[in-house]
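Quick caveat, the model's predicted, so the values are computed rather than measured. Residue numbers start from 1 in every chain, and the chains themselves are labelled A, B, ... in the order their sequence lines are given, proteins ahead of strands.
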Amino acid sequence: MSKLQPVRGTRDLLPEDCRRHRAIGDTARAIAERYGFGEIVTPIFEFTEVFQRTLGETSDIVTKEMYTFPDRGGEMLTLRPENTAGVARAFISGGLGQMQPLKFFYAGPMFRHERPQKGRLRQFHQIGVELIGVPEPLGDVEVIALGAHILEVLGVLGKTTLEINTLGDAESRNAYRAALLEFLRARRDKLSAESQERLERNPMRVLDSKDEGDRRIVAEAPRNTDYLTPAAAEFFKRVTGGLEALGVRYQINPFLVRGLDYYCHSAFEFTTTELGAQSAVLAGGRYDGLIETMGGPPTPGVGWAAGIERLAMLIAEPAAPARPVAIVPIGPAAEAVALNLAHELRHAGVTVELGYRGNLSKRMKHADKVKARAAIIIGDDELAKNAVMLRDLDSGVQELIERARLIERLAPRT
RNA sequence: GCGAGCGUAGCUCAGCUGGUUAGAGCACCGGAUUGUGGAUCCGGGGGUCGUGGGUUCAAGUCCCAUCGCUCGCCCCA
């Protein structure tokens, strides 16, 4: 660290970046509120256990991607790699079980120790929702519809495809896993080296391998839909039926699996081809077993998370900030007046740019650079008349205005 | 953790097979313009050529190492 530099995989968000991030966070929050989701903010770090127990001891996130460190006193803490576990912990420790169903929206930074690449950082930001206490498939439908709605308003829905799959209930999942394992073991030699490893550790992972050879084999593998219990099949049918009723277009992807252990039934991903090697923009699923796994009462849940940086690469330029009015004083007497005038106008709701130095020409240049819509020029002549010269910087037309009438002229109408 | 590509000014880059004071555009600052911006013209500041070592009479250029960035694998938002 000889040069002062940001930690690998972290970024400074300059005002322009922040506007993009805020446009995403604000619209998502507003739409989520329309669906009855209220914002929750949980700490960005938790006891390591919170993530270890929920994400599964063998998941990649737990085994190699967590920022974990000892607190003074020796407790192990972890910077949150995702927020579902934190929300679930809040549900349990806050005794929120009395108020079900609960509908939460969140936005904030997450941390994963991965190799950075396009659409992937060590500190990144997510928005997400969690619907807790609703075992009905209607919950899945509403949560997915909310995600689609947000993407639509952000103008990126058309760039994505909703892929959906069902992992079924525990019984379905176990039956399918056994069948898949048998099928793959018989073809072990033909699988890629990586998939041979996946085979024992997490056979479902072989399904979404990028290797061509693997894909050919997988295409003939048993389908999960053939192993669903009647109840799980019915559940999935109601989810897809609900999406159809709402006109949310989807594509069933039998190979879609989720990395995290706590998912069941619905697994879904809004994917895009515009993010390099990354495809998921907004992804989630149902996690009925999670809260119980953490030591809480058996409580169903369904939710999703979306990467703000990834969305930021897809959305159009957000609306420009309000153009200011620039105050351009000429001479020391006028400067004193300018300061007061700026103060007054700002309190009246006007965005004001007060140049700090320079002659008339310099200040006008500055006004132009900050994209001012108008300049208020004050010199000795204007001072003598208790007026200002108001110049429209787009048209170049200027007129003398009494000071007393300036605010009514510039203040935003309400 | 693994693989590939790239590190020259604040930004984007040029610098031919190693050759003497390292360049351009944009940006920045000043002037033309001490009551008028956008355009144009003139001038200016700014670089230990990522870092360290090696080869050579001579290295931004070749070799090695190292650090960083980017993209990809794994995995994921």
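B/C76 is unpaired under the Watson-Crick or G-U wobble criterion, no partner having all donor-acceptor distances under 3.5 Å. With a cut-off of 3.5 Å on both Watson-Crick or G-U wobble distances, the partner of B/U40 is given as B/A32. With a 3.5 Å ceiling on both atom-pair distances, B/A59 lacks any Watson-Crick or G-U wobble partner. The partner of B/G68, taking Watson-Crick or G-U wobble pairs whose two distances both stay under 3.5 Å, is B/C6. When both pairing distances are held under 3.5 Å, B/C13 makes a Watson-Crick or G-U pair with B/G23.
Between the P atom of B/U70 and the NZ atom of A/K118 lies a distance of 11 Å, rounded to the nearest Å. Protein atom CG of A/D12 is 14 Å distant from nucleotide atom P of B/C11, rounded to whole Å. Across the protein-nucleic acid pair, A/R357 atom CZ and B/U34 atom P stand 19 Å apart, rounded to whole Å. What separates NZ of A/K369 from P of B/C28 is a distance of 5 Å, to the nearest Å. Summarising the geometry, the separation between NE2 on A/H366 and C1' on B/C28 is reported as 13 Å, rounded to the nearest angstrom. Atom CD in A/Q117 sits roughly 10 Å away from atom C1' in B/C76 (whole-Å rounding). The interatomic distance linking A/L360 (CG) with B/G31 (P) rounds to 13 Å, in whole Å. Atom CG of A/L121 and atom P of B/A77 are 14 Å apart (whole Å).
You'll find that the side chain of A/R112 is closest to B/C76, out of B/U36, B/C76, B/G37. Closest to the side chain of A/R391, from the set B/G38, B/G35, B/C75, is B/G38.
Using modelled atom types, no side-chain atom of A/S195 and backbone atom of A/L191 make a donor-acceptor pair closer than 3.5 Å.
The cationic atom of A/R89 (NZ for Lys, CZ for Arg) does not lie both less than 6.0 Å from the six-membered ring centre of A/F91 and within 45° of the ring axis.
A/R115 contributes no side-chain N or O that forms a donor-acceptor pair with the base of B/C76 under 3.5 Å. For A/R8 against B/C69, a side-chain-to-base donor-acceptor contact under 3.5 Å is absent.
Residues A/E344 and A/R403 form a side-chain contact, since some pair of their non-hydrogen atoms from C-beta on lies under 4.5 Å apart.
A centroid separation of less than 6.0 Å is found between the aromatic rings of A/H149 and A/Y35. Two rings, from A/F37 and A/F105, have their centers 6.0 Å or more apart.
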